[in-house]
Amino acid sequence: MALRLVIQLGGERRTVPLAEGREVFLGRAADNEVQLDDAEVSSRHAVVRMRDGTAEVEDLKSTNGTYLDEVRLRRPIELAPGHPVRMGRHLIGVEKAAADEKGGRSWKGKSGELSSSRIKPPMIEGASDRKTLVAPAPPADAPSFRPFTDAQIQRREQYRTVRQKIHRELFARLDLKRLVMSGVKDEELTRRARKTIDEIIEGLGADIPRSVSKGQLASDVFDEAMGLGPLEPFLADPEITEVMVNGSDSVYYEKAGKLYLSESQFLDDQQLHGIIERIVAPIGRRIDESQPMVDARLKDGSRVNVIIPPLSLKGPCVTIRKFSKIPYTVDDLIRQFGSFTQDMADFFKVCVQIRRNVVISGGTGSGKTTLLNVLSGYLPTTERIVTIEDAAELRLNQHHVVSLESRSANIEGRGAITIRDLVRNALRMRPDRIVVGECRGGEALDMLQAMNTGHDGSLTTVHANAPRDALARMETMVLMAGMDLPVRAIREQIASAIHVIIQQDRFSDGTRKVTSVTEIVGMENDVITMQELFRYVQTGIDEKGRVLGYYTATGGVPTFMEELRVRGCRLNPAIFERVASKEASG
């Protein structure tokens, strides 16, 4: 029987001929044979294969999964006519091909070139009629997450009940905490846990609803017992940049700068508490009613913030800021993300090479730490570098790097080591460069003094919405050090210590761009004088909500151009020539 693949989104439909032995990959990336323009779909989401006249679909470990009757696929299954699977907002099915239709060539249809026929949706158990598994495409201004249907909620409750039962039985049979303390190796612990879970599932037999995948049950229970439970798929997906848990029944994630509601849930607050303990315990942190807030990090360096009742009224809340397993490079930020231009990158490089003190300014989630990590890559390998952070996130490739991390107080309220303490200590460690993850308090004064007393070429970040705001905030942070200094003296310290401010902003479409590069040139009366060298000019927003604009030089030339020549640093002066107009780019 000749078949063809059918892809449907709302009332729109397209088809791809299938041939024996052929593989058709589906996903969001452009190199897939079937590209699905949907942020809930992974880059390489699934594959459909033709074997012995039947179509088989396999999920390729996607983040949000592939679903048949709202049951997530854990193994390849036959894709039968009339029974499509769901990938994000898309329905993927097969139908009989016309007698004269030949397979072997794919066709990527556009949204305006789709016929009016529809895929027959599968029956949802417990429903009195047939319901489609996907809503029509939302308008551009609609939120990027949708509430769950009654059928989805019912299935989730069934699954939750079975999973709780297996989880309790596992801990009744295996004392995992005792096994860990007794020194059992990870491989043996994993083997025992998997074997016991399989035995429990096999013993339950008919108690497991037909709509529940046993493979999925085994995998999820194992993640709960040995890993971070429902968080594991989000941590494994490189395209997800942030995970937000708002209580045990609400998990959101950020992908491509947009927020989405996940179908994942924790069994209850107790399970979520256990996972939080697993996160904070390895790094010596604690969280309880006496200390209901904590900052921590995962093994891969991802930043974690946790807050629990009574401060959080919705239950335990966890926010994970993920970091790429492979640190971004300058080329990534230029070509993949469009965060700045090559000319600006060349300027950043010489600023670091000739030991200019650079401050990266921006709001929360604007990409300051990522840019700081990239600029740190310009630091010479022959110098001693000391990094100071609240939670160690920077990953430098140089060999001579000393990483320092602050410490919170213990249960008696003692033993806290602040960023300011570490900055003071770093000055006694013979550093050539000091990199402070973020200045947010009195350490700003010590940082400025270090920059003014021979430790030039240092890097740091501050929270501010504009370069001028960054200077005002640094004034405030110096006053927080408890020193009764006149404002003019503080501004003189800032003007002589800081050379360049790089402003990084996050736009409405989720992109992060350097919007301004400003040089501090001195003081006039009581005002710090600045000149902008580069800026990003936004020209509009396209029909898909993407920000349009271009980078341009302002015509200003750095005051240290002569120093560049003396030190033998080559920088083309033409990059500072003002661009009168330029074609807009996304």
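Values below: all heavy atoms of this structure, side chains included; hydrogens, waters and symmetry mates excluded. Since we're looking at a predicted model, the values are computed, not measured. Note that the numbering runs from 1 along the sequence shown for the chain.
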Exercise. Under 3.5 Å, is there a donor-acceptor pair between the side chain of Lys368 and the main chain of Gly363?
Worked result: yes
Exercise. With respect to Tyr260, which candidate in Tyr253, Phe234, Tyr252 satisfies the ring pair (Phe, Tyr, Trp, His ring centres under 6.0 Å) definition?
Worked result: Tyr253
Seminar exercise, completed: Minimal heavy-atom distance between Arg89 and Asp37, with the atoms involved, is NH2-O, 4.0 Å
For this session: Check whether any side-chain N or O of Gln8 sits under 3.5 Å from a backbone N or O of Gly93 as a donor-acceptor pair, and report yes or no.
Result: no
Problem set entry | Exceeds 12 heavy-atom contacts within 6.0 angstrom, atom CD of Gln336 | yes
Exercise. Between the main-chain N or O of Arg512 and the side-chain N or O of Ser339, is there a donor-acceptor pair closer than 3.5 Å?
Worked result: yes
Exercise. Is the closest basic N to carboxylate O distance between Glu58 and Arg51 below 4.0 Å?
Worked result: no
For this session: Please report the C-alpha distance between Ser62 and Val41 in whole Å, then the side-chain angles of each, then the deciding distance to 0.1 Å, and finally whether the side-chain contact (heavy atoms from CB on, under 4.5 Å) criterion is met.
Result: CA-CA 8 Å; Ser62 62; Val41 173; over 6 Å; no
Exercise. Any donor and acceptor pair, going by atom type alone, linking the side chain of Asn64 with main-chain N or O of Gly88 inside 3.5 Å?
Worked result: no
Exercise. Going through the distances and angles, do Leu68 and Val57 end up as a side-chain contact (heavy atoms from CB on, under 4.5 Å)?
Worked result: CA-CA 11 Å; Leu68 175 65; Val57 60; over 6 Å; no
Problem set entry | Straight-line distance of Thr15 OG1 to Leu3 CG, nearest 0.5 Å | 12.5 Å
Problem set entry | Side chains of Asn305 and Thr319, donor plus acceptor under 3.5 Å | no
Problem set entry | Asn373 and Arg395 side chains, donor-acceptor separation under 3.5 Å | no
Problem set entry | Audit row: Arg28, His45, side-chain contact (heavy atoms from CB on, under 4.5 Å) steps and yes/no | CA-CA 8 Å; Arg28 188 158 54 86; His45 195 100; over 6 Å; no
Exercise. With distance as the sole test, does Thr461 use its side chain to make a donor-acceptor pair with the main-chain N or O of Gly437 at under 3.5 Å?
Worked result: yes
For this session: Using the ring-ring contact (aromatic ring centres under 6.0 Å, His included) rule, take Tyr328 and Phe337 through it: C-alpha gap first, then chi angles, then the decisive distance, then the call.
Result: CA-CA 10 Å; Tyr328 291 126; Phe337 301 109; 5.0 Å; yes
Problem set entry | Side chain Glu20, main chain Asp52, donor-acceptor under 3.5 Å | yes
Exercise. Between the main-chain N or O of Arg192 and the side-chain N or O of Thr196, is there a donor-acceptor pair closer than 3.5 Å?
Worked result: yes
Exercise. If you look at every heavy atom in His273 and Pro316, which pair is closest and at what distance?
Worked result: NE2-CG, 3.7 Å
Exercise. Do we see a donor-acceptor contact under 3.5 Å between the side chains of Glu254 and Thr241?
Worked result: yes
Exercise. Does the side chain of Asp332 come under 3.5 Å of the side chain of Thr329 through a donor N or O and an acceptor N or O?
Worked result: yes
Problem set entry | Pair Arg22-Val16, side-chain contact (heavy atoms from CB on, under 4.5 Å): steps then yes or no | CA-CA 12 Å; Arg22 185 182 178 195; Val16 176; 4.1 Å; yes
Seminar exercise, completed: Interatomic distance, CE@Met244 vs CG@Leu259, rounded to 0.5 Å, equals 4.5 Å
Exercise. Hey, is the main chain of Pro81 close enough, under 3.5 Å, to the side chain of Glu95 for a donor-acceptor pair?
Worked result: no
Exercise. Can you check whether Phe534 and Phe340 have ring centres sitting under 6.0 Å from each other?
Worked result: no
